[in-house]
Amino acid sequence: MQFPLNAAQREAVQCDGAPLLVLAGAGSGKTRVITAKIAHLCGRGVDASRIVAITFTNKAAREMRERAEQALRADGVASKLSISTFHSFGLRIVREEATALGLKRGFSIFDPSDIEPIVAELGATADRARARSMQWKISQWKNALVEPSAALASASSDDELAAARAYAGYRDALAAYQAVDFDDLIALPVALFDNDADARARWQARIAHLLIDEYQDTNGAQYRLFRHLVGRDTPFTAVGDDDQAIYGWRGATLDNLAALPRDYPELRVIKLEQNYRSTVRILRCANALIGNNPKLFDKRLWTELAHGEPLRVAPAADEEAEAVAVVRRLLAHKFERRTKLSDYAILYRGNHQARPFETALRAHSIPYEISGGQSLFERTEIKDIVAYLRLIANEDDDPAFVRALQVPKRGVGQATLAHLGRVAQARHTSLFGAVFEAELASAVPSRQRAALEAFCAMVNGIRHRAEREPAGRLLDELLRTIAYADWLTSTLDKRDAQARSQSVDDFVAWLTRKGEADGKNLLELTQMVALITMLEGREQERPDAVRLSTLHAAKGLEFPHVFLVGLEEGVLPHREAIDAGNIDEERRLMYVGLTRAQQTLSLSYCATRKRAGEKVDCAPSRFLAELAQEDLRYADRPLSGDEASQAKQTGNARLAALKALVAR
DNA sequence: TAGAGATTAGTTTTT
DNA sequence: CTAATCTCTA
């Protein structure tokens, strides 16, 4: 955006001494306002290290840092800014206040896969789905700052009761493991600040101005943390859009937006309504759609940009036909308009919807970048290595102990582990600690015992140096000692082993760099890894690729040309949301999708869809009927099966010719 | 203990 | 119809 700031934007930037709420419509230059404001604050002599900006995703944080660096060319200043996600900021607090919170320095951060078996056991269930739903409920309680006792009192169904009972035990288990979960990174600082005025004052003094992005997505715990951090007189800037609140399922509540004017009577509210992104037609459809939602703040987007092309609405026989049609159209469009692949995005409701599009894109060797999906840190090989790191940092981390002990195999199996577990329980110690208990000798053969002791000695050896020596050296040593690469080659076929070995190498190289750049030791790096979902610097590997993304992951992004797919009842709006009567949030999700598009927008839906192997009829989404009909152009009726397969063949032939042209 | 086959359950978004 | 988990055998 090369325009100067508009009046509202300027006002938001210059209002620096008071609490401020910026209601920033989609595409209204929100990020620009935030970065300009940071620059403005620095210009007014505010110490950069006391400016704190909080986002929800790592991606947003990284972007904001980049933009701030551009805005603040003065060297060294931008790097002093504190720009992080809510959770990383919480981690910083927990880390610095670990002792007060009863945690050791190397405490572990459990991810949902560590937690599931714990909750399953506490809830006395072997049913994974049930365990997950209990885990889910516990998380909801934590996000709403509900204590186990209160949860127990309020539980209304059998399921809730079981979850509430497991909740207290789960808390104890985390304490025993010296571990925290994601929700604790917010809830623990809140609990600390609730009770400790000194700590509160200390942290407040570190913040001269607090900026929060995507404020509408804060949950109860986050709002309370926010209030503790700004106290009574720290000025802040909250930026958000009630029409883009799409994280209600994660405990986010628009109450926090409504509460702000109440809790801060001197609050200034500035609306950004000029849109710099989309055509008139796209905006008119988005406005029409969102007009069906109740309004918290009155707001209407307008633009000076072109009228634009009508939005295309295309039916398809099924999801495969839809994918084929979208890809064909995309290629034809690219050829006609001489665009780049990265100008296109295909957006959908759920991750599983990506598959037919991946298949169709791959069939034409079109590079694509898929957001969401499995992140590097969820891959088995990375989790294996991280288990070692966690155990090195924290010997009480039993889940990490179990994983590290078994990968690579070192002749210790289920039976030994079971004995170890019994001893640990009897002695009130961790699995690691149980290895050194005398009574283990009676149950476990000496060969296994030797393996266990060697394992623990190795871990201890690295632990003693973890805080002093460079992380890179220790990582190399660890990998050599456990011979992880050898294990991969001996258990997997060559291709697989190579791929995994490569990703381990990437991971280690990245950690090493990170350790050097930020001066972090192995313990701190290990904690950071738990919060990162995407490997930085991975994106530029595919400089020109079609973007596949869920609507949630697409928030904050924009694309010249967007395909919004799977617009069916039961998909968008999602069945569960329909049943729960939560259509408003689905509508906002659709709104987010529409407002990602700059120039053209193509909407599609399927007549049938495969569900558990069977074809099911689908109805077009009700949201289609809520758009500005004069801005839509409906394509033909859905193709019959025969027509579809025929079209597929002729289409493919045409496509091959097109592709040859495009390739030049 | 580890890999290959059988069985069974699955439908939402993520720090 | 997958994909992941479980069970059985070497």
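None of the values given here were measured: they were computed from a predicted structure.
Residue A:His552 places none of its side-chain N or O atoms closer than 4.0 Å to OP1 or OP2 of B:dT13. Contact annotation: A:Ser88 side-chain N/O to B:dT15 OP1/OP2 distance is not under 4.0 Å. Contact check, A:Asn351 against B:dT14: a side-chain N or O comes under 4.0 Å of OP1 or OP2.
With rounding to whole Å, A:Asp111 atom CG is found 13 Å from B:dT15 atom P. Taking atom CZ of A:Arg132 as the reference point, atom C1' of B:dT11 lies 13 Å away to the nearest angstrom. One interatomic measurement links the two molecules: NZ of A:Lys142 to P of B:dT14, which rounds to 21 Å at whole-angstrom precision. Separating the CD atom of A:Glu214 from the C1' atom of B:dT14 is a distance of 14 Å, rounded to the nearest angstrom. Between the C1' atom of B:dT15 and the CG atom of A:Asn143 lies a distance of 10 Å, rounded to the nearest Å. Atom CG of A:Leu567 and atom C1' of B:dT12 are 15 Å apart (whole Å). If you measure from atom NZ of A:Lys555 to atom P of B:dT12, you get 20 Å, rounded to the nearest angstrom. If you take CD1 of A:Ile246 and C1' of B:dT15, they are 14 Å apart, rounded to a whole angstrom.
Applying the 3.5 Å distance criterion, the base of B:dT11 shares a donor-acceptor pair with the side chain of A:Arg611.
The A:Ala129 side chain lies nearest to B:dG10 when the options are B:dG10, B:dT14, C:dA3. You'll find that the side chain of A:Phe182 is closest to B:dT15, out of B:dT15, B:dT12, B:dT14.
Across all strands, A:Arg355 comes closer than 4.0 Å only to sugar-phosphate atoms, never to a base (heavy-atom distances). Among the heavy atoms of the strands, none lies under 4.0 Å from A:Phe86. Residue contacts shown for A:Arg575 are absent, as no nucleic acid heavy atom lies under 4.0 Å away.
Checked against a 6.0 Å centroid threshold, the rings of A:Phe401 and A:Phe455 count as neighbours. Centroid-to-centroid, the aromatic rings of A:Phe559 and A:Tyr344 stay 6.0 Å apart or farther. In summary, the aromatic rings of A:His552 and A:Trp249 are positioned with their centroids under 6.0 Å apart.
Rounding to the nearest 0.5 Å places CG of A:Leu627 at 6.0 Å from CG of A:Leu289.
Here the separation of B:dT11 from C:dC6, taken at their P atoms, is 16 Å to the nearest Å. The P atoms of B:dT13 and C:dA4 are separated by 14 Å, rounded to the nearest whole Å.
Using a 5.5 Å limit on the distance between ring centres and a 30° limit on the angle between planes, the aromatic ring of A:His87 does not count as stacked on the six-membered base ring of B:dT15. Centre separation under 5.5 Å together with a plane angle under 30° holds for the ring of A:Trp249 and the six-membered base ring of B:dT13, marking them as stacked.
Test A:Lys30, A:Lys59, A:Arg67 against A:Asp213 for salt bridge (charged side-chain N to carboxylate O under 4.0 Å, His left out) and you get one pass: A:Lys30.
Nearest-nucleotide positions on DNA chain B place A:Gln406 closer to the 5' end than the other of A:Gln406 and A:Gly350.
Looking only at atom types and distance, the side chain of A:Asn582 has no donor-acceptor partner in the side chain of A:His574 under 3.5 Å away.
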